[in-house]
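Notes to accompany the following structure.
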Amino acid sequence: MIQIENHLGTIEISQEYFTYLIGSAVSACYGVAGMVRSGTRQGLRSLFSKRSYADEGIRVRSESGRLIVDLHISVIYGMNISAIAKSIVNKVRYTVEEATGLQVKKVNVFVDGMKTE
């Protein structure tokens with residue numbers, strides 16, 4: 001749960017909402033092959049279950065009232081990684097700010113793999 005205090009009160013947005021919103025924005029970007037598991041929690045969960053989870057590769061946290069988004073992705077081989085990353089940063093920032101009204105401080109894109117298609 002992300003909690004942010006402002007002059008109107010406390011804003012609480014669930015992690016599931018962010019993962020759905022961000023996941024759909026990232027998957028719509030050209031050149032993205034998929035999301036990659038990140039962190040120990042997601043890694044341990046993947047050992048015990050073969051299921052795919054919505055929060056796979058997405059982490060959202062709040063710092064001084066602004067959001068920081070970490071994304072772990074896999075890209076299609078032969079694509080311009082820099083262009084893909086810039087596209088993702090712009091799309092995620094715009095989507096989150098328009099949907100929630102909260103400012104995005106930073107979007108970190110980690111390319112953890114490549115896939116041929």
Side-chain angles (χ1 to χ4, degrees):
M1 181 80 62
I2 302 291
Q3 293 183 337
I4 296 179
E5 298 279 336
N6 67 11
H7 67 283
L8 298 174
T10 303
I11 298 171
E12 293 181 354
I13 301 176
S14 70
Q15 194 73 11
E16 290 81 20
Y17 176 75
F18 277 117
T19 56
Y20 174 76
L21 183 69
I22 294 168
S24 61
V26 171
S27 63
C29 291
Y30 184 74
V32 176
M35 304 301 288
V36 177
R37 291 180 188 96
S38 65
T40 55
R41 186 177 136 239
Q42 289 181 2
L44 287 174
R45 185 174 61 193
S46 69
L47 287 175
F48 298 112
S49 174
K50 298 298 179 197
R51 244 178 74 197
S52 179
Y53 291 90
D55 67 343
E56 200 168 88
I58 301 171
R59 181 171 177 239
V60 180
R61 60 190 190 279
S62 175
E63 184 178 285
S64 65
R66 295 170 68 193
L67 300 176
I68 298 175
V69 180
D70 294 330
L71 302 170
H72 292 264
I73 64 166
S74 177
V75 297
I76 297 172
Y77 179 78
M79 301 298 295
N80 185 336
I81 295 173
S82 176
I84 293 170
K86 287 178 186 176
S87 172
I88 290 170
V89 169
N90 291 331
K91 178 110 176 169
V92 168
R93 176 171 278 135
Y94 175 78
T95 302
V96 170
E97 287 179 353
E98 284 295 308
T100 65
L102 301 173
Q103 286 188 339
V104 176
K105 179 178 181 181
K106 187 186 265 189
V107 177
N108 298 314
V109 178
F110 301 97
V111 179
D112 292 340
M114 289 187 173
K115 293 185 180 178
T116 58
E117 287 189 341

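What you see below is based on every heavy atom in this structure, not just the backbone, and it leaves out hydrogens, waters and symmetry mates. As the structure is a prediction and not an experimental result, all values here were calculated from the model.
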Taking all non-hydrogen atoms of both residues, which atom of Ser74 and which atom of Met114 are closest, and how far apart?
OG-N, 3.9 Å

How far apart are the closest heavy atoms of Ser62 and Gln3, and which atoms are they?
OG-O, 4.2 Å

If you count every heavy atom of other residues, nucleotides or ligands that lies below 6.0 Å from Phe110 atom CZ, does the total exceed 12?
yes

Just do the side-chain contact (heavy atoms from CB on, under 4.5 Å) check on Arg59 and Asn108 with the steps written out, would you?
CA-CA 10 Å; Arg59 181 171 177 239; Asn108 298 314; over 6 Å; no

Once you round to the nearest 0.5 Å, how far does CD1 of Ile88 lie from CD1 of Ile22?
11.5 Å

Should Leu21 and Ile68 be counted in the same cluster of Ile, Leu, Val, Met, Phe, Trp and Tyr side chains packed under 4.5 Å apart?
no

Counting N and O atoms only, with roles assigned by atom type, does the side chain of Thr95 sit under 3.5 Å from a partner on the main chain of Val92, one being a donor and the other an acceptor?
no

Would a hydrophobic clustering, with Ile, Leu, Val, Met, Phe, Trp and Tyr connected at side-chain separations under 4.5 Å, put Ile2 with Leu71?
yes

Minimum heavy-atom separation for Val104 to Glu97, with atom names?
N-OE2, 3.0 Å

If you compare all heavy atoms of Met35 against all heavy atoms of Glu56, which two are closest, and at what distance to 0.1 Å?
CB-O, 3.2 Å

How far does CZ of Arg93 sit from CD of Gln103, to the nearest 0.5 angstrom?
9.5 Å

Has Ser87 got a side-chain atom pairing as donor or acceptor with Ala83's backbone, closer than 3.5 angstrom?
no

When you look at Phe18 and Thr100, which way does the side-chain contact (heavy atoms from CB on, under 4.5 Å) test go after all the steps?
CA-CA 9 Å; Phe18 277 117; Thr100 65; 4.1 Å; yes

Given Leu67, Val96, Val89, the one that forms side chain to side chain contact (heavy atoms under 4.5 Å, CB included) with Val107
Val89

Would a single hydrophobic cluster contain both Tyr94 and Tyr30, if residues Ile, Leu, Val, Met, Phe, Trp and Tyr are joined by side-chain heavy-atom contacts under 4.5 Å?
no

Mind running side-chain contact (heavy atoms from CB on, under 4.5 Å) on Ile13 and Val60 for me, showing each step along the way?
CA-CA 11 Å; Ile13 301 176; Val60 180; over 6 Å; no

Testing the basics here: between His72 and Asp112, what is the closest heavy-atom pair and its distance to 0.1 Å?
ND1-OD2, 2.7 Å

